Protein chains: 2
Amino acid sequence: MKTPTKSSYHHGDLQKALLNTARLMLEKDGIASLKLRAITRNAGVSATAAAPHFGNLTGLLSALAAQGFDELSEAMSPEHAREPRDVGLAYVRFAIANPGLFTLMFRSDAIDPDHPVLATASERAFARLAALPTCDQSGISPEAAMASLWAKVHGLAVLAIDGLLAPLIRRSSTALTIDQLVEEAFR
Amino acid sequence: MKTPTKSSYHHGDLQKALLNTARLMLEKDGIASLKLRAITRNAGVSATAAAPHFGNLTGLLSALAAQGFDELSEAMSPEHAREPRDVGLAYVRFAIANPGLFTLMFRSDAIDPDHPVLATASERAFARLAALPTCDQSGISPEAAMASLWAKVHGLAVLAIDGLLAPLIRRSSTALTIDQLVEEAFR
DNA sequence: AGACGTAAATTTACACTGTAAAAATAACTT
DNA sequence: AAGTTATTTTTACAGTGTAAATTTACGTCT
């Protein structure tokens, strides 16, 4: 049995070390900087040290994305998000606080959505959304209400990350915040 | 004066030829396949033939994205989109009909948003949205209504492209379409 | 028409990248 | 203590983007 404490591998827990450095690079220099060789170089190991743990670059990025979905699930959990409104707020706030990671989580050409760890992580996060008591309006199926809500929240997150909402907010006469736009979706 | 008819360059109009092959590759094999060498190879020219026209890969992809924004503007023009609702429908339908191109248009790490051609093209498209008569609800600034509308439409487009809306639609008891979700946003 | 200047395209070269295969190293098990 | 296994490095190779120099062809001008 390998002790999961600290130094079960040669150089400590390289798996987590690689994910940590990759995440730092991600939020510092963007997704384009996530080259396998650059990650291992910054972690102080050889170029191919990640292979036994993640297989290839896609595997590493998928694991990183899974970590993101886990954190998002945590932020949207009933403990942290009492009212439905809080779930939407958590979603958008997570995206804005971790723009690189959030973007990676939905970049299906850089990650493998079928990767087991990633798939279960994302499903759990999406389940938090599906569990929302869809404030059903007149004559709208719960699925439609669900999709509409998710689309609006996700759209706000994506547009905000791309800096496309900033001009609108700046131009607004009333003091406008993204939080207000989110809250508006839950009413 | 060079005749802008057809063969003003050595091998015909290489600029457009490269954009055409790149676009075919984009919708066939996704953004990840848009390597500069692969594009020029498929176009039947040498590996560096794109440089005089586009500078580098980012320049070529930016030109391609600009082309996408132009087509999107066209689809959202008053001639094709009479009512506000039609603008939203045009937006989402364009995204679903050209998933690769639409994705590229918002991938700010693969394109240069400050590229003159791209900047003017995207601004024109966004202006079509800003020109919408924001069905102002009670006590909401027009900018907020604008942002909410755009976010919902954009969110629907992005989620649909990623295949994340399909399960919801399939699970819906009532026959649910994306068009219905868009129309719901304009009411 | 013929020579020139200029733009377009190719050739060449180099520093990167991802990853497969073989070799070496250190850990754990018995 | 010896052997087995998992981890890491070394080595190698095909592919990438792009800068620089060279070749090619077009347009222009006397």
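Only a predicted model underlies this, so the values are computations on that prediction, with no experimental measurement involved. Computed over heavy atoms, backbone and side chain alike; hydrogens, waters and symmetry mates excluded. Protein chains get the first letters and strands the later ones, always in sequence-line order, with residue 1 at the start of each.
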Next item on the list: Side-chain contact test, heavy atoms from C-beta onward, threshold under 4.5 Å: evaluate it for Asp70(B) versus Arg124(B) and give yes or no.
Entry: yes
Note to self: Tell me whether the rings of Phe69(A) and Phe106(A) are parallel (<30°), tilted (30 to 60°) or perpendicular (>60°).
What the structure shows: perpendicular
Item checked: Value in whole Å for how far the C1' atom of dT7(D) lies from CZ of Phe54(A) -> 13 Å
Notebook entry, point to check: Parallel, tilted or perpendicular for Phe102(A) and His154(A), by the 30°/60° rule?
Noted result: tilted
Margin query: If you take any heavy atom closer than 4.0 Å to DNA chain C, which residues from residues 16-32 of chain B end up in contact?
Written below: none
Checklist line | Base dT8(D) paired with Thr48(A) side chain (donor-acceptor, <3.5 Å) | finding: no
Checklist line | Residues touching DNA chain C, which here means a heavy atom under 4.0 Å, drawn from residues 34-44 of chain A | finding: Lys35(A), Leu36(A), Arg37(A), Arg41(A)
Note to self: Set out, in order, the CA-CA distance, both residues' side-chain angles and the distance that settles side-chain contact (heavy atoms from CB on, under 4.5 Å) for Arg107(B) and Arg107(A), then state yes or no.
What the structure shows: CA-CA 10 Å; Arg107(B) 202 158 273 199; Arg107(A) 204 159 269 198; 3.4 Å; yes
Notebook entry, point to check: Under 4.0 Å: is that the gap between some side-chain N or O of His53(B) and OP1 or OP2 of dA9(C)?
Noted result: yes
Check: Between dT18(D) and Asn56(B), is there an OP1 or OP2 to side-chain N/O distance shorter than 4.0 Å?
Finding: yes
Check: Taking the side chain as C-beta and beyond, is there a heavy-atom pair between Leu89(A) and Phe186(A) under 4.5 Å?
Finding: no
Note to self: Tell me the interatomic distance from Leu57(A), atom CG, to dA20(C), atom P, rounded to whole angstroms.
What the structure shows: 12 Å
Item checked: Co-membership, hydrophobic cluster, residues Val117(B) and Leu61(B), 4.5 Å side-chain -> no
Notebook entry, point to check: For the pair made of CG in Leu61(A) and C1' in dG18(C), what is the distance, rounded to whole Å?
Noted result: 12 Å
Notebook entry, point to check: Does any N or O in the side chain of Glu184(A) come within less than 3.5 Å of the main-chain N or O of Ser148(B), such that one atom is a donor and the other an acceptor?
Noted result: no
Checklist line | Heavy-atom donor-acceptor pair, Ser172(A) side chain to Leu168(A) backbone, under 3.5 Å | finding: no
